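Side-chain atoms are counted along with the backbone in the values below, which use heavy atoms only and exclude waters and symmetry mates. For clarity, every value in this text was computed on a predicted model and none was experimentally measured. Sequence positions, counted from 1, serve as the residue numbers for this chain.
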Amino acid sequence: LFRSAERRFIAHETTVEKLACLMQDNPNGLLTIRDEVSGLLAMLDRDEKATDRAFYLQMFNGNQSYSYDRITRESVNIPHCVGSILGGIQPAVLKPYLMAGKGKSEDGLLQRIQLIVYPDAVISTGVDESPDLQAKARLTEIFKYFANLPETADGETPQTVSFTYEAQQIFYEWESENAGKARAEQNPAMDAHLSKYPALIASLALIIHLADNREITPVNELSLLKAIELTKYLETHARRIYGLVFKTDKPARALADNLHKLNNPFTASDFKNKGWAGLATKETRTEALAVLVARGYIAKVNKTVKNSNRSIAVYYKNVLLEEESKYRNNPTPSPPHPPLGRS
């Protein structure tokens, strides 16, 4: 008897063995949905699940083969082990897994979850809006396109796509800057996270390029720049998440304590030569600005310089900070609520 292939896109609660069988029939990969990722992390942290953990590590890489043989099961061989995970987890539950030396955390499993975000709590405003049917239709068409990607003329599987020459030069420049940022990190977990960003950037740029153009051609500069901007957003969330257990906010605190001395708006060069403790290097100033943006102290806006094609980052202070500064100078009124969320 021949086993018929089952085309799948999503898997829910499943064992590694069954997931591997499904991947054998679905070489483009599967999305595993876990309502609570904590259960998956707890399972992978057990010593007897070392093999399962290795499977997930290869699944995140997406470019390695995987095979296993069991006496009681049919042998499974996956040329390209590709998979993603979608789910949620509470910060308090995630915190122990972020700590250095916790279980197998040093193998980089958590750093491979690069689309992780830590949004603020959403308070319902009671607004009732009709769904955007046009947006839904466009998204459905994108999903259909990805589900039925055309083969190359020679039937190459998987297909290889490169950057255009111009995009490749941008990527080299960004990669060099990212490597320097990773080396300057005090938090080893964040260092490891940033070190995996080149692969993330390339993946996002390719996805954006295919979604925008619907043709398998070299990835252009616009798609790459969109991916870089999206990664900047993801980095702010990563810093917030790793900040749960590793406090590298001394530069940020130094800048926060001196914000009232700066104009609104201000630029990074405005406090370059102030001599403020903890902000002596470009790296610490960049880190401080990123943390304060992520925590809501300031907002970053890129403005084009007059008579030039370049832009400069301008930072606007939270209006509550301005109120706090007024109270500091005139303590008669009641003080405002703290402008910052988490420390």
Side-chain angles (χ1 to χ4, degrees), residues 60-61 98 100 106-108 110-117 162-206 219 221 223-243 245-256 266-295 297-298 300-303 305 308-315:
F60 279 119
N61 291 336
L98 296 173
E106 65 278 3
D107 63 7
L110 290 176
Q111 283 73 38
R112 284 170 169 78
I113 309 177
Q114 296 185 329
L115 297 182
I116 190 169
V117 294
S162 61
F163 287 120
T164 62
Y165 175 81
E166 294 77 10
Q168 187 68 63
Q169 304 314 304
I170 295 174
F171 180 80
Y172 284 147
E173 181 180 354
W174 170 86
E175 187 177 35
S176 177
E177 293 178 357
N178 183 71
K181 184 191 298 182
R183 286 193 299 269
E185 277 295 329
Q186 301 175 46
N187 184 344
M190 193 66 204
D191 177 2
H193 194 87
L194 291 175
S195 297
K196 290 179 171 55
Y197 269 7
L200 174 65
I201 284 286
S203 299
L204 290 176
L206 176 59
V219 177
E221 311 97 288
S223 299
L224 175 58
L225 291 173
K226 286 181 178 179
I228 290 174
E229 288 302 312
L230 177 56
T231 305
K232 290 179 181 178
Y233 166 80
L234 294 172
E235 182 183 337
T236 63
H237 283 272
R239 292 188 180 280
R240 184 177 186 181
I241 290 165
Y242 291 116
V245 297
F246 193 94
K247 303 300 182 183
T248 58
D249 55 1
K250 289 183 179 180
R253 289 183 180 278
L255 180 56
F266 66 93
T267 66
S269 60
D270 291 343
F271 64 98
K272 179 179 179 180
N273 299 313
K274 294 288 187 180
W276 293 338
L279 298 168
T281 66
K282 180 180 179 181
E283 289 74 18
T284 55
R285 292 191 294 272
T286 301
E287 177 188 339
L289 288 168
V291 172
L292 293 194
V293 168
R295 297 185 179 182
Y297 275 84
I298 56 179
K300 178 182 177 181
V301 177
N302 290 318
K303 290 194 172 183
V305 179
S308 174
N309 291 326
R310 68 185 186 90
S311 62
I312 186 173
V314 177
Y315 298 89

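In this pair, H193 and Y242 present their aromatic rings perpendicular. The plane angle is above 60°, beyond the 30 to 60° band.
In this structure, the side chain to side chain donor-acceptor pair (under 3.5 Å) partners of K303, at least two apart in sequence or on a different chain, are Y316. Judged as a side chain to side chain donor-acceptor pair (under 3.5 Å), and not counting sequence neighbours, the contacts of T267 are S269, D270. Partners of K232 according to the side-chain contact (heavy atoms from CB on, under 4.5 Å) rule, which considers only residues two or more places apart in sequence or in another chain, are I228, E229. Remark: A182 pairs with D191, L194, S195 by the side-chain contact (heavy atoms from CB on, under 4.5 Å) rule, at least two apart or across chains. When the side chain to side chain donor-acceptor pair (under 3.5 Å) test is applied to Y165, no partner is found at least two apart in sequence or on another chain. Applying the ring pair (Phe, Tyr, Trp, His ring centres under 6.0 Å) rule to F266 yields the partners Y315; only residues at least two apart in sequence or on another chain are considered.
From L224, atom CG reaches atom CZ of F163 across 5.0 Å, with rounding to the nearest 0.5 Å. Between atom CD of residue Q111 and atom CG of residue L98 there is a gap of 8.5 Å, rounded to the nearest 0.5 Å. If you take CZ on R112 and CD on Q114, they are separated by 9.0 Å, rounding to the nearest 0.5 Å.
Between the side chain of S176 and the backbone N or O of E173 there is no donor-acceptor pair closer than 3.5 Å. Side-chain atoms of E221 do not come within 3.5 Å of backbone N or O of I170 as any donor-acceptor pair.
Side-chain contact check for R239 versus E235: some heavy-atom pair is nearer than 4.5 Å. Inter-residue side-chain proximity for L200 and L234 is flagged as met; some heavy-atom pair is nearer than 4.5 Å. Taking 4.5 Å as the limit, every side-chain heavy atom of H237 sits out of range of all side-chain heavy atoms of I116.
The minimum heavy-atom distance linking A205 with S223 is given by the pair O-CB, 3.6 Å. Taking both residues in full, the closest heavy atoms of A256 and L292 are given as N-CD1, 3.9 Å, listed atom of the first, atom of the second, then distance. P251 and L279 make their closest contact through O-CD2, 3.5 Å (heavy atoms, listed as atom of the first residue, atom of the second, distance). Taking every heavy atom of both residues into account, M190 and A238 meet most closely at CE-CB, 3.8 Å. I241 and V117 get closest at one heavy-atom pair: CD1-C, 4.1 Å. For the pair F171 and P198, the tightest heavy-atom approach, listed with the atom from each and the gap, is CE1-O, 3.9 Å.
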**OP:** Apply side chain to side chain contact (heavy atoms under 4.5 Å, CB included) to the pair T284 and W276, showing each step before the final yes or no.
**Re:** CA-CA 11 Å; T284 55; W276 293 338; over 6 Å; no
